[in-house]
Structures are given as C-alpha cells and as structure tokens.
2 protein chains.
Amino acid sequence: MATRTAAERRAEARTEFDAYMASCPARRLLDGISDKWVSLLVNALADGPRRYSDLSRRVAGVSQKMLTQTLRNLERDGLVERTVTPSVPVRVDYALTPLGASLLPLMRAVKTWAEEHIPEVDRARERYDAARMGPDRR
Amino acid sequence: MATRTAAERRAEARTEFDAYMASCPARRLLDGISDKWVSLLVNALADGPRRYSDLSRRVAGVSQKMLTQTLRNLERDGLVERTVTPSVPVRVDYALTPLGASLLPLMRAVKTWAEEHIPEVDRARERYDAARMGPDRR
DNA sequence: CCGTATCCTATCCGATACTG
DNA sequence: CAGTATCGGATAGGATACGG
C-alpha cells in the first residue's frame with residue numbers, strides 16, 4: 001500500500017499531460033464506467049427498479065460474483081440505490097439514482113450503436129482477416 | 001477449441017434473452033468498445049490523424065503493448081485506418097474511419113460525463129465509506 | 001432470495017529486449 | 001520511429017460451497 005503501483009509511477013513521470021493523465025480522477029472514473037457489466041446493468045435499470053434475481057436473469061452470462069461486485073461499485077459511486085425490504089425471504093431492489101439516470105442516455109446510446117453497427121464491423125473483420133491470410137498464405 | 005467455454009455454455013442455457021445474451025454478436029462488440037483504452041484513443045483521434053508516437057504521448061500511461069494492441073483491434077473492426085508512409089524513419093498515421101467517427105460523439109460524451117461528474121461521485125464514495133466505517137467502527 | 005467466502009484459472013498488462 | 005516477442009506478476013472473473 002505504501003509502495004506506488006507501476007501505473008502511478010509512470011503517470012508521475014509524465015506530468016505534462018492533464019486530461020489524459022493516468023492519475024487524473026476523471027480518468028479513473030472513466031476507467032470504471034468503461035466496463036461491460038456497468039453498461040449492461042445501467043441499461044437493464046432503464047425502466048425502473050429491478051430485483052437482484054431479476055437482474056441476474058436479464059443480464060445473461062453475468063456471474064453472481066460480478067453482479068454483486070458491479071452493483072456494489074455502482075452503489076458506492078452513487079449511481080445506483082439499493083433498497084432492502086425485510087420480507088420473509090428478503091427482497092432487494094436496485095434503482096438508478098438521478099446521477100445514474102444522467103449516465104443512462106450515454107450507456108443506452110453506446111449499446112444501441114453496438115447493435116446497429118455490428119454487421120459493418122463484422123464485414124470489416126472479414127476483410128481484415130482475409131487480407132492477412134489470403135495473399136501470401138503465410 | 002472444440003469444447004465450449006463456460007460462458008458459452010451458460011449463455012446457451014438461457015436462450016430466452018436476446019439483446020442481453022452473452023453470445024449475441026452485438027454484446028461482444030459492446031464488450032470490445034467498453035474499454036478504457038478504446039474510449040481514450042477514439043477521443044485522442046477526434047481532431048484528425050495522429051502519429052503512433054503522438055498517441056503514446058497524448059494518452060499518458062498507455063504501454064507500447066496496449067497502444068499497439070488496441071489500435072490493431074480498432075483497425076480490424078474498421079474504426080481506425082492505418083497509413084504507412086515509407087520515409088526514412090517510417091511514419092505511421094492513425095485516423096478514424098467514417099464508422100469510427102460515428103462512435104466518436106458517444107465516446108466523447110462519456111469522457112465529458114466522467115470529467116463533469118467526478119466531484120459528485122467522489123462525494124458519494126466518501127458518504128458510502130463513512131457509513132461503513134463510522135457507526136460501529138467494525 | 002440474496003448474498004459472502006474461497007479457490008483457482010485465464011487474461012490483462014507492464015517491463016524488457018530486440019528488429020526493420 | 002514503429003513496432004514484435006517474450007516473460008512474469010497482478011487482476012478479473014467463473015465455480016462452488018456456505019450463511020442470513
């Protein structure tokens with residue numbers, strides 16, 4: 001904990017940059033929200049509060065561990081609010097806070113962009129791969 | 001290679017979901033662009049073509065390896081075009097393609113959001129951490 | 001139902017050394 | 001200048017088992 005990480009040491013060696021600085025707080029936040037589970041979960045909460053089990057079903061492929069971990073981070077960052085209802089089996093709901101809601105349009109736009117442009121990207125990949133395999137057959 | 005990965009097996013077991021499916025191609029693309037280096041590099045190419053060394057300086061903290069790797073993936077996906085000028089030391093420029101340019105506004109919006117809301121997030125974190133450490137001093 | 005705890009593996013990624 | 005190759009430590013993340 002006392003010793004700096006490699007990334008921090010390298011960042012300090014290049015203090016002439018600011019917005020793109022590795023140690024810049026905004027940069028760390030950007031790292032945090034540039035996460036596939038974050039974008040999927042924020043999108044999954046678009047239509048209102050959802051239960052934990054609901055989310056685990058909606059976001060297919062997420063493990064219990066990553067679901068809980070990502071929700072905890074979002075809660076800590078103030079993007080998501082966690083509400084516990086102490087019923088007979090306990091019930092937990094997650095909802096976007098106003099702050100989280102302000103991020104939603106962006107996450108939704110990115111998700112939509114991916115859905116709309118995947119055919120174009122697939123064609124680009126085929127072209128790229130064909131160009132490297134075809135000509136010289138290395 | 002013949003055996004499916006754990007993620008694929010789990011995805012197949014839950015075929016009732018589509019947009020959030022783990023095996024959905026759009027989902028994989030979303031995973032790919034939900035990457036900190038991608039968002040930073042696309043933003044760094046906002047104002048036009050940049051040389052390799054230029055990018056490595058602008059995006060502080062990126063290693064040669066990750067810079068090359070990310071640029072290659074972006075090129076393969078058709079988001080970035082690589083131009084080699086065979087001068088005396090060779091010169092390589094990277095530029096956004098029209099497809100990449102269509103993603104730029106979104107990446108820029110996310111970066112801007114992070115820069116604008118980091119104080120609010122920091123306050124939320126302090127509140128969260130204080131609530132867990134203060135009351136019972138576990 | 002909603003987690004937490006543990007183990008263990010795959011991959012990320014930085015450091016370093018070398019090439020056209 | 002613009003890479004490629006390789007190594008090894010750190011970390012992400014899945015599987016499993018257990019607890020409130």
Side-chain angles (χ1 to χ4, degrees), chain A residues 1 3-14 22-23 28 31-32 34-38 40-41 49-76 80 82-94 132 138, chain B residues 1 3-14 22-23 28 31-32 34-38 40-41 49-76 80-95 132 138:
Chain A
M1 205 195 282
T3 48
R4 297 197 214 38
T5 66
E8 286 171 341
R9 267 184 281 108
R10 303 214 306 155
E12 287 189 342
R14 299 179 170 187
S23 58
R28 276 182 290 117
D31 293 357
S34 293
D35 177 75
K36 61 174 180 174
W37 299 127
V38 168
L40 285 167
L41 278 177
R50 295 263 173 199
R51 297 186 60 170
Y52 179 88
S53 51
D54 198 359
L55 290 171
S56 76
R57 258 174 278 111
R58 262 179 88 79
V59 181
V62 69
S63 64
Q64 209 173 28
K65 177 179 176 177
M66 290 318 296
L67 180 57
T68 301
Q69 193 175 104
T70 307
L71 286 170
R72 283 291 176 283
N73 287 335
L74 290 174
E75 189 194 358
R76 188 172 109 97
V80 156
R82 179 170 176 269
T83 310
V84 181
T85 308
S87 45
V88 177
V90 73
R91 172 200 174 111
V92 182
D93 287 275
Y94 292 90
R132 310 215 99 208
R138 182 224 309 264
Chain B
M1 207 192 286
T3 49
R4 298 196 215 33
T5 67
E8 285 170 343
R9 266 185 283 108
R10 302 212 307 153
E12 287 188 344
R14 299 178 169 188
S23 59
R28 277 182 289 120
D31 292 357
S34 294
D35 176 75
K36 63 174 179 173
W37 299 127
V38 168
L40 284 168
L41 277 177
R50 294 264 174 198
R51 298 186 59 170
Y52 180 88
S53 52
D54 197 0
L55 289 171
S56 77
R57 257 174 278 112
R58 263 178 89 79
V59 181
V62 68
S63 65
Q64 208 173 30
K65 178 178 178 176
M66 291 317 296
L67 179 57
T68 301
Q69 194 175 105
T70 308
L71 285 170
R72 283 290 176 282
N73 286 335
L74 290 174
E75 188 194 359
R76 188 172 109 97
V80 155
E81 188 185 19
R82 178 170 177 270
T83 309
V84 181
T85 308
S87 44
V88 177
V90 72
R91 173 198 174 110
V92 181
D93 286 274
Y94 292 90
R132 311 215 99 207
R138 179 231 309 259

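What you see is a predicted model, and the numbers here were worked out from it, not measured in a lab.
Where P89(B) and V90(A) each meet DNA chain D at their nearest nucleotide, the meeting point lying more 5' is that of P89(B).
Residue R91(A) places none of its side-chain N or O atoms closer than 4.0 Å to OP1 or OP2 of dC2(C). A close approach under 4.0 Å does not occur between any side-chain nitrogen or oxygen of Y52(A) and OP1 or OP2 of dT4(C). Note on R82(A): every side-chain N or O is 4.0 Å or more away from OP1 and OP2 of dC2(C). Here R51(B) does not reach the OP1 or OP2 of dC1(D): none of its side-chain N or O atoms lies under 4.0 Å away.
Taking the side chain of V92(A) as heavy atoms from C-beta on, and the options dG13(D), dA2(D), dG3(C), the nearest nucleotide is dG3(C). The K36(A) side chain lies nearest to dG13(D) when the options are dG13(D), dG3(D), dT4(C). Of the listed nucleotides (dA2(D), dG13(D), dA15(C)), dA2(D) has the atom at the smallest distance from the side chain of Q64(B). Checked against dC2(C), dG3(C), dT4(D), the side chain of S53(A) finds its nearest nucleotide in dC2(C).
The CG-P distance, from L67(A) to dG14(D), rounds to 11 Å in whole Å. Distance, D54(A) CG to dC1(C) P: 11 Å, rounded to whole Å. Summarising the geometry, the separation between NZ on K65(B) and P on dT6(D) is reported as 12 Å, rounded to the nearest angstrom. dT11(C) atom C1' lies 13 Å from atom CE of M66(A), rounded to whole Å. With rounding to whole Å, R50(A) atom CZ is found 13 Å from dC2(C) atom P. Look at CZ on R57(A): it is 8 Å from P on dC1(C), rounded to the nearest Å. Between D35(B) atom CG and dC13(C) atom C1' the separation is 11 Å, expressed in whole Å. Rounded to a whole Å, the CD atom of Q69(A) is 12 Å from the C1' atom of dG14(D).
Scanning both residues, S87(A) and P89(A), for their nearest heavy atoms gives OG-O, 2.8 Å. Contact record, L67(B) with V62(B): N-CG2, 3.7 Å, taken as the closest heavy-atom pair.
The distance from atom CD of Q69(B) to atom CD of Q64(B), rounded to the nearest 0.5 Å, is 12.5 Å.
In this structure, the side chains of R91(A) and D93(A) come closer than 4.5 Å at one or more pairs of heavy atoms.
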Subject >> Pair Y94(B)-T83(B), side-chain hydrogen bond (donor to acceptor under 3.5 Å, both in side chains): steps then yes or no >> reply: CA-CA 6 Å; Y94(B) 292 90; T83(B) 309; over 6 Å; no
